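These notes are about the structure you will find just below.
First the proteins, then the strands, lettered A, B, ... as listed; each starts at 1. Because the structure is a prediction, the values reported are computed rather than measured.
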Amino acid sequence: MMNLFLLINREFKLSIKNFKSALFNIFFFVISSFIFFLSFGSEFEAIIEFSHGIIWSVLLFSLIFSVDQFYDSDFKDGSLKELKILGYSSVEIIISKLFTMWFFIALPIIIIAPLILYSFFGVYPYNKTLIISLFLASPSLILLASLGEILLIRARKNKIMLMLIIIPFYIPILIFGVSAVDVAKLGFIPDKNFIILVGFFMITLPLTLVFGKLCIDQICE
Amino acid sequence: MFRFSNPKKFQELSDNVYPWMNFLAFIFILIGLYYSFFNSPPDYLQGETVRIMYIHVPSAWLSLMIYSSMGICSIISLIWKHTLADIISRSCAPIGASFTLVTLITGSIWGKPTWGTWWVWDARLTSELILLFIYLGHIILSNAFDDFRKGDKNAAILAIVGLINLPIIKWSVDWWNTLHQPASLTKFGAPSIDSVMLFPLIFMALGLTFLFVSILLDRIKGEIYLRKIELFKQEID
């Protein structure tokens, strides 16, 4: 437990030092969602109809494009191996990175998404459902993205490759997350969708920990 | 069980089996095609378009079967570290991807006259599309590394993670209200398909399975030679 705390402390210090990349990620999210909204022109009805889908898909892309800074730099300067030699277990390393990723990548987007919607048409009526669904789904999205990143850590890689591997596993989460807002539009409480999103987290957490540990142990041999 | 896991022994076995598989595939597909085109009745509701079923359903079965064999091989390769399991799962992936593509294309051709649309975002169709994407991701990941052994291991992990999709495809028609019809062969009790239509379907399924095995054996042979060349190159360096 003490180890985990120390590792999270280290990751936070590193992320605050590299705060520029977190800002770039937020900037990417804002710009690309603005472009999406602009392409609808002045049809506000259509924007209100599709805005949650736009927010969701832009969130997926900005997550995929920003996960690589966490494992890549640590692998390249050898500190991943060094942490293993110092006696930290792979599971602790993965959990600390996951927590930091979620805090610096996903949380700012969840906070900013309602503000973007507000800038277009005042208070978005389904804000609460949208925020809860993003909040519940973002941990499993981060888990899957980091699993893909660990799998590709030594490959001749580019970001498109990570996207192709991860997107199929994102589709079910996207479907249930987006349909939560659709259910809310019909006037029901989408608690079943929320339970399914939590269930995705319950599945992806052990998967990522087991297979991520396998890969990192292999990398650090 | 592991007697044939030595690539050399396996090569001898597969050289003996390969011509028989080709022969069986040829015969079964010929009989199946004859019955499905000329000797089976058109459907009372769908008319002649029902004949798409004889290619659509067997390739859908095969796309699932190939993925599950890939998953089993991946588990074996992670636990016992057999090279042959890696070779099999790497050679399976393109074949499975093509069968999945055939399933999707024939399904959408069949869907146009019967459902009135080429494509719907339906549970069965979406999960089958995800299966295609997972196959493509497996192919990309296994070729992304300079050292093929790392590619094998990481692709095996991806295949095991993707196994979650198989039960979703299988039971998607029971769990959600979909346009796609539920299973008509593996129901409890008698299958709800007439034996006149069942006969060519079974023949096509067996024929395509033999075709899959013969293509697989061919690909495995090529893969073993490729690895020998790769190891030889490493020895020279």
Under a 3.5 Å cutoff, is there a donor and acceptor pairing between the side chains of [X] and [Y]?
{"X": "B/Arg90", "Y": "B/Ser142", "value": "no"}
{"X": "B/Glu128", "Y": "B/Thr100", "value": "no"}
{"X": "B/Ser127", "Y": "B/Asn165", "value": "no"}

Residue pair [X] / [Y]: nearest heavy atoms and the distance that separates them:
{"X": "A/Leu197", "Y": "A/Ser133", "answer": "CD1-O, 3.8 Å"}
{"X": "A/Pro114", "Y": "A/Ile131", "answer": "CG-CD1, 3.4 Å"}
{"X": "A/Lys97", "Y": "A/Leu80", "answer": "CE-CD1, 4.4 Å"}
{"X": "A/Tyr170", "Y": "A/Ala145", "answer": "OH-CB, 3.3 Å"}

Out of [options], which one racks up the most heavy-atom pairs below 4.5 Å with chain A?
{"options": "B/Asp146, B/Ile140, B/Leu129, B/Thr126", "result": "B/Asp146"}
{"options": "B/Trp121, B/Phe133, B/Phe145", "result": "B/Phe145"}
{"options": "B/Ile168, B/Asp147, B/Val161", "result": "B/Val161"}

Quiz item: Under 3.5 Å, is there a donor-acceptor pair between the side chain of B/His138 and the main chain of B/Ala93?
Solution: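 Checked: no pair found.
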Quiz item: Under a 4.5 Å cut-off applied to non-hydrogen side-chain atoms, are B/Phe10 and B/Ile87 in contact?
Solution: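 The answer is no; the side chains never approach within 4.5 Å.
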Between [X] and chain A, which part of the residue has a heavy atom less than 4.5 Å away: side chain, backbone, both or neither?
{"X": "B/Ile134", "result": "both"}
{"X": "B/Ile160", "result": "side chain"}
{"X": "B/Leu132", "result": "neither"}
{"X": "B/Leu78", "result": "side chain"}

Practice problem: Heavy-atom distances under 4.5 Å only: say whether A/Ile175 touches chain B with side chain, backbone, both or neither. | Solution: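 It is the side chain, since no backbone atom gets that close.
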Self-check item: Aromatic ring pairing A/Phe200/A/Phe176, orientation class (parallel under 30°, perpendicular over 60°, tilted between)
Solution: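 The rings of A/Phe200 and A/Phe176 sit tilted, inter-plane angle from 30° to 60°.
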Quiz item: What about the rings of A/Phe135 and A/Trp102, do their centers lie closer together than 6.0 Å?
Solution: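 Ring centres of A/Trp102 and A/Phe135 closer than 6.0 Å.
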Quiz item: Looking only at heavy atoms, which of residues 89-96 of chain A get nearer than 4.5 Å to chain B?
Solution: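 Residues qualifying by a heavy atom under 4.5 Å from chain B are absent, so none.
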Quiz item: What residues of residues 202-211 of chain A sit under 4.5 Å from chain B when only non-hydrogen atoms are counted?
Solution: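 A/Ile203, A/Leu207, A/Phe211 fall under the 4.5 Å cut-off.
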Exercise. I would like to know whether A/Tyr71 and A/Ser146 meet side chain to side chain contact (heavy atoms under 4.5 Å, CB included); could you show each step before the answer?
Key: CA-CA 8 Å; A/Tyr71 287 95; A/Ser146 61; 3.8 Å; yes
Exercise. Could you walk me through whether B/Met65 and B/Met70 pass side chain to side chain contact (heavy atoms under 4.5 Å, CB included), step by step?
Key: CA-CA 9 Å; B/Met65 192 204 77; B/Met70 261 169 69; over 6 Å; no
